[in-house]
Amino acid sequence: MGYRALEGWGALPGIQLPRVFFEAPPELVAPRLLGKLLAHRTGGLVFAGRIVEAEAYLGPHNDPPDPAAHAHRGPTPRNRVLFGPAGHAYVYAIYGRYFCMNVTCEIEGRAGCVLLRALEPLGRTDGAEVAQMIRNRGLDPGGFSAGKLARQLASGPGRLCQALGITRLRHNGLDLADPASPLQIRDDGYTVTEVLTTARIGIREAVDWPLRFFLPGNRCVSGAKNLIGKRVPLSVEFD
DNA sequence: AGGCCGATCCTCT
DNA sequence: GAGGATCGGCCTA
């Protein structure tokens with residue numbers, strides 16, 4: 001936990017996840033994404049954070065279908081990326097001011113996805129990347145201790161997109177498994193030992209489905225009252 | 001053509 | 001803990 005130095009990274013940290021990683025049902029991909037890195041290369045900087053919270057949204061081919069999912073009523077111009085191949089970014093605008101980022105799962109025609117809900121930002125506290133993320137978020141650079149700042153930067157689906165500069169226009173539909181992509185998900189060897197699950201946040205349908213996953217004890221998980229969950233069996237998630 | 005509302009965040013009490 | 005900001009997309013007529 002805590003900030004880790006970006007110094008020494010030639011380009012992007014860790015190793016890019018292959019497409020096959022995402023070609024599984026979202027309720028399996030979501031917990032497996034915890035501990036992995038989301039990295040965005042832009043303007044000579046690499047913005048990166050460790051995924052500490054994610055939610056699964058199921059495609060309409062499931063029985064019963066997931067009424068909280070954007071794909072619930074079938075393809076539309078907004079959600080068409082969800083019905084494409086796995087490992088792509090689905091970025092949408094919400095409340096007129098924010099963006100949320102998902103990773104598509106399963107195979108073409110099956111619209112499962114994982115919403116990225118919180119990151120633990122990486123980078124030197126005095127480095128250019130963190131400084132830019134603070135500006136992206138509109139925060140006061142001197143207003144926080146290092147610990148509080150880590151929480152303010154990317155603990156929330158809208159916040160993480162704002163911090164890393166992820167927008168619908170620039171990033172919706174990008175292939176996260178393409179080595180040339182500015183937006184990737186990577187594995188730096190970080191080992192996850194425990195995952196907790198709860199109901200999803202901010203939805204009105206299927207309010208008790210246990211499809212939110214997070215790393216217990218991580219200070220960057222969003223929400224103060226959403227930290228008590230049920231343990232996910234490791235034998236199922238890490239075979 | 002128009003109305004409704006959201007997978008959110010921030011501020012204020 | 002409650003309420004406002006703010007607008008693209010989806011549904012209904």
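First the proteins, then the strands, lettered A, B, ... as listed; each starts at 1.
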Exercise. Does R117(A) place a side-chain N or O at less than 4.0 Å from the phosphate oxygens OP1/OP2 of dT8(B)?
Worked result: yes

Exercise. In whole angstroms, how far is the C1' atom of dG6(B) from the CZ atom of R73(A)?
Worked result: 13 Å

Problem set entry | All side chain to side chain contact (heavy atoms under 4.5 Å, CB included) counterparts of T197(A), not counting sequence neighbours | P210(A), F213(A), K230(A), V232(A)

Exercise. Nearest nucleotide by nearest heavy atom, which residue falls closer to the 5' end of DNA chain C, Y95(A) or R168(A)?
Worked result: Y95(A)

Name each donor-acceptor pair under 3.5 Å that joins a side chain in residues 80-89 of chain A to protein atoms two or more places apart or in another chain, with its distance.
unit_1	atom_1	unit_2	atom_2	d
H88(A)	ND1	G173(A)	O	3.2

Exercise. So, do L183(A) and I166(A) sit near enough that their side-chain heavy atoms are less than 4.5 Å apart?
Worked result: yes

Exercise. For N102(A), what residues pass the side-chain hydrogen bond (donor to acceptor under 3.5 Å, both in side chains) criterion, not counting sequence neighbours?
Worked result: none

For this session: Take the protein atom CZ of F213(A) and the nucleotide atom P of dA7(B), then report the distance between them rounded to whole Å.
Result: 19 Å

Problem set entry | d(CH2, W209(A); P, dA7(B)) in whole Å | 15 Å

Seminar exercise, completed: Note: N79(A) and G74(A) closest approach over all heavy atoms is ND2-O, 3.1 Å

For this session: Kindly write out the residues that satisfy side-chain hydrogen bond (donor to acceptor under 3.5 Å, both in side chains) with H70(A), not counting sequence neighbours, or none if the list is empty.
Result: Y90(A)

Exercise. Hey, does G96(A) reach any base, or is it just sugar-phosphate, or nothing, if we go heavy atoms under 4.0 Å?
Worked result: base

Exercise. So what does L115(A) hit on the nucleic acid, given a heavy-atom distance under 4.0 Å: a base, only sugar-phosphate, or nothing?
Worked result: base

For this session: With a 4.0 angstrom cut-off to heavy atoms of chain A, pull out the first and last contacting nucleotide of DNA chain C, in 5'-to-3' order.
Result: dG1(C) to dC11(C)

Dump the pairs, protein N or O against N or O of nucleotides 10-12 of chain B, anything under 3.5 Å, distances to one decimal.
unit_1	atom_1	unit_2	atom_2	d
dC10(B)	OP1	R137(A)	NH1	2.7
dC10(B)	OP1	R137(A)	NH2	2.9
dC10(B)	OP2	R159(A)	NE	2.9
dC10(B)	OP2	R159(A)	NH2	2.7

Problem set entry | Neighbour count >12 (heavy atoms, 6.0 Å) for atom CG, L227(A) | yes

Problem set entry | Pair listing, side-chain hydrogen bond (donor to acceptor under 3.5 Å, both in side chains) test, anchored in residues 201-210 of chain A, at least two apart | none

Seminar exercise, completed: ring pair (Phe, Tyr, Trp, His ring centres under 6.0 Å) pairs touching residues 95-129 of chain A, sequence neighbours excluded, are none

Exercise. Looking at side-chain heavy atoms only, is the closest gap between R50(A) and D188(A) below 4.5 Å?
Worked result: yes

For this session: Kindly work out whether a path of hydrophobic side-chain contacts (I/L/V/M/F/W/Y, heavy atoms less than 4.5 Å apart) joins V221(A) to I203(A).
Result: no

For this session: Take the protein atom CZ of R200(A) and the nucleotide atom C1' of dG6(B), then report the distance between them rounded to whole Å.
Result: 15 Å

Seminar exercise, completed: Ordered by number, residues from residues 74-93 of chain A within less than 4.0 Å of DNA chain C (heavy atoms) are T76(A), P77(A), R78(A)

Exercise. Could you give the CD-to-C1' distance, from E205(A) to dG6(B), as a whole number of Å?
Worked result: 12 Å

Exercise. Name the stems with DNA chain B in them: runs of three or more consecutive Watson-Crick or G-U pairs, distances under 3.5 Å?
Worked result: B:1-6 with C:7-12, B:8-12 with C:1-5

Exercise. Going by the ring pair (Phe, Tyr, Trp, His ring centres under 6.0 Å) test, which pairs reach into residues 36-69 of chain A, not counting sequence neighbours?
Worked result: H40(A)-H171(A)

Seminar exercise, completed: Between CZ of R97(A) and P of dT8(B) the distance, given in whole Å, is 15 Å

Problem set entry | Atom C1', compared across dC5(B) and dG3(C): separation rounded to whole Å | 16 Å

Exercise. Would you say the side chains of R159(A) and Q162(A) form a donor-acceptor pair under 3.5 Å?
Worked result: no

Problem set entry | Summary of ring pair (Phe, Tyr, Trp, His ring centres under 6.0 Å) pairs that have at least one residue in residues 100-145 of chain A, sequence neighbours excluded | none

